[in-house]
Amino acid sequence: MEPNPEFLRRAIALATENVTSAHGGPFGAVIVRDGRIVGEGVNRVTATCDPTAHAEVSAIRAACATLGTFTLAGCELYTSCEPCPMCLAASHWARLDAIYYGASAEDAARAGFDDAFLYAEFKKDKAKRKMPAVQLLGDEAWASFAAWIASPNKVAY
């Protein structure tokens with residue numbers, strides 16, 4: 001499908017309304033399937049005390065609930081700003097077909113929402129990252145995967 005600027009305008013309007021109503025940050029997103037909005041979201045990080053409550057993640061959750069599925073193949077994301085690394089990863093996990101965005105990551109950085117440090121961290125060797133991540137009980141943890149592999153009831157995703 002061709003991108004529809006009206007869906008992006010809706011995401012931008014949600015972002016602006018979210019700021020002017022004092023509910024959260026300047027981010028809005030909609031998920032579209034077959035030319036209709038199936039999920040909307042705004043940034044609710046501070047309102048819900050949830051650092052994962054970004055507009056894109058909220059829209060993905062809403063769309064999945066509307067459609068009754070964990071995969072959004074066949075859907076597109078329209079978001080007021082270029083997705084952060086978490087939202088970009090969530091978009092891939094949701095199997096969205098495309099992402100259309102308004103403001104750039106550089107625009108977001110100018111407003112105080114700078115994700116550049118995350119991209120830099122991802123490129124570093126694990127041992128040199130700011131936040132330590134240490135593997136423990138690897139053999140014991142494998143039991144969960146072994147159970148998954150053996151399960152006749154698993155739903156692959």
Side-chain angles (χ1 to χ4, degrees), residues 1-134 144 148 154-157:
M1 281 185 79
E2 287 293 313
N4 184 335
E6 291 309 309
F7 294 127
L8 187 52
R9 286 187 180 100
R10 174 64 183 156
I12 293 166
L14 287 168
T16 304
E17 180 183 323
N18 200 45
V19 172
T20 59
S21 66
H23 288 131
F27 303 96
V30 298
I31 304 287
V32 175
R33 175 179 239 161
D34 298 327
R36 71 180 183 89
I37 295 174
V38 294
E40 294 186 339
V42 294
N43 179 284
R44 304 282 292 154
V45 170
T46 58
T48 61
C49 298
D50 178 357
T52 68
H54 288 202
E56 297 90 340
V57 171
S58 297
I60 288 168
R61 289 173 179 160
C64 287
T66 296
L67 299 173
T69 183
F70 58 84
T71 178
L72 295 178
C75 296
E76 301 165 322
L77 169 66
Y78 289 82
T79 181
S80 62
C81 185
E82 186 174 356
C84 74
M86 177 183 69
C87 293
L88 181 59
S91 297
H92 282 282
W93 282 117
R95 295 182 182 89
L96 289 164
D97 287 1
I99 298 170
Y100 303 106
Y101 62 90
S104 68
E106 292 78 15
D107 294 329
R110 282 194 347 238
F113 299 93
D114 193 353
D115 299 325
F117 76 97
L118 289 171
Y119 290 104
E121 280 293 296
F122 297 154
K123 291 177 183 177
K124 292 179 185 176
D125 182 86
K126 289 179 188 177
K128 294 182 180 177
R129 292 181 183 166
K130 183 178 178 180
M131 182 186 303
V134 180
S144 301
W148 170 260
K154 66 181 168 253
V155 176
Y157 61 95

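On a predicted model such as this, the values are computed, not experimentally measured, just so you know.
Summarising the local packing, NZ of K154 is surrounded by more than 12 heavy atoms from other residues, nucleotides or ligands at distances under 6.0 Å. Other residues, nucleotides and ligands contribute more than 12 heavy atoms inside 6.0 Å of the NZ atom of K124.
In this structure, the side chains of F113 and P26 come closer than 4.5 Å at one or more pairs of heavy atoms. S58 places none of its side-chain heavy atoms less than 4.5 Å from the side chain of V42. Between I99 and P83 there is a side-chain heavy-atom pair separated by less than 4.5 Å.
Once rounded to the nearest 0.5 Å, the distance linking CD of E56 with CG of N43 reads 8.5 Å. Taking OG1 of T52 as the reference point, atom CZ of R61 lies at 4.5 Å (rounded to 0.5 Å). Atoms CG and CG, on L96 and L88 in that order, are 10.5 Å from each other to the nearest 0.5 Å. Taking CG from L14 and CZ from R9, the interatomic distance works out to 14.5 Å, rounded to the nearest 0.5 Å. For the atom pair CH2 of W93 and OH of Y157, the computed distance is 7.5 Å after rounding to the nearest 0.5 Å. Between the CD atom in E17 and the CZ atom in R10 there is a gap of 6.5 Å [rounded to 0.5 Å].
Here the closest non-hydrogen pair linking A62 and G39 is CB-CA, 4.0 Å. Closest approach of S91 to L77, counting heavy atoms only: OG-CD2, 3.5 Å. Counting all heavy atoms, side chain and backbone alike, C87 lies closest to V57 at SG-CG2, 4.0 Å. Nearest heavy-atom pair across R33 and A73 is NH2-O, 2.7 Å. Across I60 and A94, no two heavy atoms sit closer than the pair CG2-CB, 4.1 Å. Closest heavy-atom contact between A59 and I31: O-CG1, 3.5 Å.
For the pair D97 (side chain) and G74 (backbone), a donor-acceptor distance under 3.5 Å is present.
Between S80 and the choices T16, D107, I12, the side-chain contact (heavy atoms from CB on, under 4.5 Å) rule is met once, by I12.
In this structure, Y78 and F7 have tilted ring planes: the angle between them lies in the 30° to 60° band.
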What's the verdict on side chain to side chain contact (heavy atoms under 4.5 Å, CB included) for E76 and Y100, showing C-alpha distance, side-chain angles and the deciding distance? CA-CA 8 Å; E76 301 165 322; Y100 303 106; 3.6 Å; yes
